[in-house]
Amino acid sequence: MASLGSRLVDIHTHVYLPRYAALLRSRTTVPRILTATRDGKPDDKLIILDHDTGRPVGPQYWDRDEKLKFMDRHGIDLSVVSSANPWLDFLPASEAEPMAAQLNEDLEQYCADSPSLTPSLNRLYGFGMLPLVPGISTTALLEAIEQISKLSYLKGIIMGTRGVGKGLDDEALDPVWAALERTGLVVFLHPHYSIEGQWGQKDNGHVLPLALGFPFETTIATTRLILAGVFDRFPALRLLLAHSGGVLPQLSSRLASCIEHDPVVASRLKHDARYYLGKLYFDAVAYGPEELGFVSDVVSRAKHYENNTSVPATATFERGLGSGRMLFGTDHPFFPPLKGTDKWPSVVENLRAIDAVYGWSSSDKDGVRGGNALSLFNLV
């Protein structure tokens, strides 16, 4: 195993816990796991969106030993595991509340029983789950946060973009943001619904909704949080964005300009919109060094936009500063290699991208590969 300063930590890696997989198998409507056989062998398919033809699923989606084998094969020392979408969005509040509590306990046990790296450090930690569904009470959500905060191996929560039905900028979530800020739990914002109705008639598999729809979903949800002043009211909230923040970094200056010229929101925020990107965390699941470098640049310059100050044309920033907000991920068990190979391209390409970012020092790269995660999740 690597020394503490050079651990490889995967913060974007999923699991369908056995209890959750059993729930999906019991269903006759989407989302569901459709159980079938082919040539006498299991041929199960996971179907999580309407009009989805499904994807093959097997033990790698729920078996902890398979997760650990994957980690060992790729030299991953530690993983922060999250339940995969669609979480509990499809359940009524009366069922979502107890299911969330049970799945949080399941995930705690999944992590607690994993091997250890050191006497004080396990190989698996997790993001818990809130019963974020329409009709749920604020009390139930706060109780779920309190439960998660007391579980030793759960270091945050995973959250979709719908909140309790009206999106994440819904004022009804303010007590939730306050509790998450108070407990210090990391919020991993992850898409699920993509952008419907834009993909045309050709069969392009999952490419358009995953490559474009997911990032735009994350971008819109985060922008709504900014516009709603959530980061002004809860400045210590720790929000980690999937897929390197979608296209928010690329569009952040356009966003700032649109805000400045819109009388509805021009004076609403304490800071220029670009400032808030420096308060966020980003996974490094971008597959290219140029993309990672750009996100790092945007984060590095953010401090110049505090208090809506005018940034001089001569202002400079150090690219490496932004790397401190970026963390390696693999998106396992999704995106398995289509060709026979022992290594997954989703791992190899993201590690190559980190290593090739121009302007990052060796220390910066070590941080993205693992050091930043150990610090963010208070594991060191």
Side-chain angles (χ1 to χ4, degrees), residues 29-31 48-50 82-101 103 127-146 148 156-183 185-198 209 213-235 237-243 245-248 251 255 258-259 262 264-266 268-270 273 276 279-280:
T29 57
V30 175
I48 57 176
L49 287 170
D50 291 334
S82 52
S83 293
N85 46 308
W87 311 290
L88 303 176
D89 291 16
F90 54 93
L91 294 179
S94 60
E95 296 178 25
E97 182 179 354
M99 180 59 71
L103 289 172
F127 289 102
M129 188 189 304
L130 303 183
L132 283 166
V133 296
I136 198 72
S137 69
T138 300
T139 298
L141 294 175
L142 297 182
E143 288 176 349
I145 293 172
E146 188 67 16
I148 293 167
I157 67 161
I158 188 165
M159 180 182 288
T161 61
R162 290 195 171 181
V164 291
K166 296 181 180 180
L168 301 185
D169 54 356
D170 185 353
E171 290 82 356
L173 290 177
D174 270 11
V176 173
W177 300 128
L180 291 167
E181 182 184 51
R182 175 181 56 81
T183 57
L185 293 170
V186 177
V187 180
F188 183 25
L189 180 59
H190 193 291
H192 169 67
Y193 294 97
S194 187
I195 305 295
E196 293 293 336
Q198 302 296 316
F214 268 27
F216 272 101
E217 181 184 347
T218 300
T219 300
I220 293 168
T222 309
T223 300
R224 287 173 62 176
L225 286 172
I226 292 172
L227 290 173
V230 169
F231 300 111
D232 287 337
R233 295 194 299 280
F234 310 103
L237 184 67
R238 302 197 294 172
L239 186 69
L240 168 64
L241 303 184
H243 313 121
V247 293
L248 182 59
L251 297 178
L255 171 62
C258 288
I259 291 173
D262 194 306
V264 175
V265 295
R268 182 185 295 175
L269 303 177
K270 292 182 180 179
Y276 299 101
K279 306 291 288 183
L280 303 172

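Just so it is clear, the values below take in all heavy atoms, side chains as well, and ignore hydrogens, waters and symmetry mates. Being a predicted model, the structure only gives us computed values, none of them experimental. FYI, the numbering just counts along the sequence from 1.
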*Asks:* Would you compute the distance between atom CG of D89 and atom OH of Y193 and round it to the nearest 0.5 angstrom?
*Replies:* 3.5 Å

*Asks:* Taking all non-hydrogen atoms of both residues into account, name the closest pair between F188 and L241 and its distance.
*Replies:* CE1-C, 4.3 Å

*Asks:* If you take all heavy atoms of I259 and A273, which pair is closest and at what distance?
*Replies:* CD1-CB, 3.7 Å

*Asks:* Where do I158 and S83 come nearest, in terms of heavy atoms and distance?
*Replies:* CD1-O, 3.5 Å

*Asks:* Flag the pair L103 / L88 as yes when at least one side-chain heavy-atom distance between them is below 4.5 Å, and no otherwise.
*Replies:* yes

*Asks:* With sequence neighbours excluded, what pairs up with R182 under the side-chain hydrogen bond (donor to acceptor under 3.5 Å, both in side chains) test?
*Replies:* none

*Asks:* Quick one, Y276 with L225, criterion side chain to side chain contact (heavy atoms under 4.5 Å, CB included). Give me CA distance, side-chain angles, the key distance, then yes/no.
*Replies:* CA-CA 10 Å; Y276 299 101; L225 286 172; over 6 Å; no

*Asks:* So L132 and R162, do their side chains get closer than 4.5 Å, heavy atoms only?
*Replies:* no

*Asks:* Would you say T161 and T218 make side-chain contact, with heavy atoms under 4.5 Å?
*Replies:* no

*Asks:* Does the side chain of M159 come within less than 4.5 Å of L173's, by heavy atoms?
*Replies:* no

*Asks:* Sub-3.5 Å donor-acceptor pair from the side chain of T219 to the main-chain atoms of G246, do we have one?
*Replies:* no

*Asks:* Starting from the C-alpha separation in whole Å, work towards a yes-or-no answer on side chain to side chain contact (heavy atoms under 4.5 Å, CB included) for I145 and V176.
*Replies:* CA-CA 8 Å; I145 293 172; V176 173; 3.9 Å; yes

*Asks:* Which pairs pass side chain to side chain donor-acceptor pair (under 3.5 Å) with one or both residues in residues 165-176, sequence neighbours excluded?
*Replies:* D169-R224, D174-R233

*Asks:* Are any non-hydrogen side-chain atoms of L141 and V164 less than 4.5 angstrom apart?
*Replies:* yes

*Asks:* Once rounded to the nearest 0.5 Å, what's the spacing between atom CG of L180 and atom CD1 of I157?
*Replies:* 4.5 Å

*Asks:* Do the side chain of E217 and the main chain of H192 share a donor and acceptor less than 3.5 angstrom apart?
*Replies:* yes

*Asks:* What are the two closest non-hydrogen atoms of S94 and P98, and how far apart are they?
*Replies:* O-CD, 3.2 Å

*Asks:* Once rounded to the nearest 0.5 Å, what's the spacing between atom CG of L240 and atom NE2 of H190?
*Replies:* 10.0 Å

*Asks:* Should the pair F214 and H243 be assigned to parallel (<30°), tilted (30 to 60°) or perpendicular (>60°) ring geometry?
*Replies:* tilted

*Asks:* What are the two closest heavy atoms between A144 and L130, and how far apart are they?
*Replies:* CB-CD2, 3.7 Å

*Asks:* At what distance, to the nearest 0.5 angstrom, does CG of L269 lie from CZ of F231?
*Replies:* 11.0 Å

*Asks:* Would you give the length of the straight line joining atom CG of D262 to atom CZ of R268, rounded to the nearest 0.5 angstrom?
*Replies:* 8.5 Å

*Asks:* Quick check for you: to the nearest 0.5 Å, what is the distance between T222 atom OG1 and L168 atom CG?
*Replies:* 8.0 Å

*Asks:* Any non-hydrogen side-chain atom of M99 less than 4.5 Å from a side-chain atom of W87?
*Replies:* no

*Asks:* Can you name the closest pair of heavy atoms from T138 and P175 and give their distance?
*Replies:* CG2-CB, 3.8 Å

*Asks:* Are V133 and P92 side-chain neighbours, meaning at least one heavy-atom pair lies under 4.5 Å?
*Replies:* no

*Asks:* Assess whether atom CZ of F90 is packed by more than 12 heavy atoms of other residues, nucleotides or ligands within 6.0 Å.
*Replies:* yes

*Asks:* Quick one: list whatever passes side-chain hydrogen bond (donor to acceptor under 3.5 Å, both in side chains) with T223, sequence neighbours left out.
*Replies:* none

*Asks:* So do the side chains of P235 and E181 get within less than 4.5 Å of each other, counting heavy atoms only?
*Replies:* yes

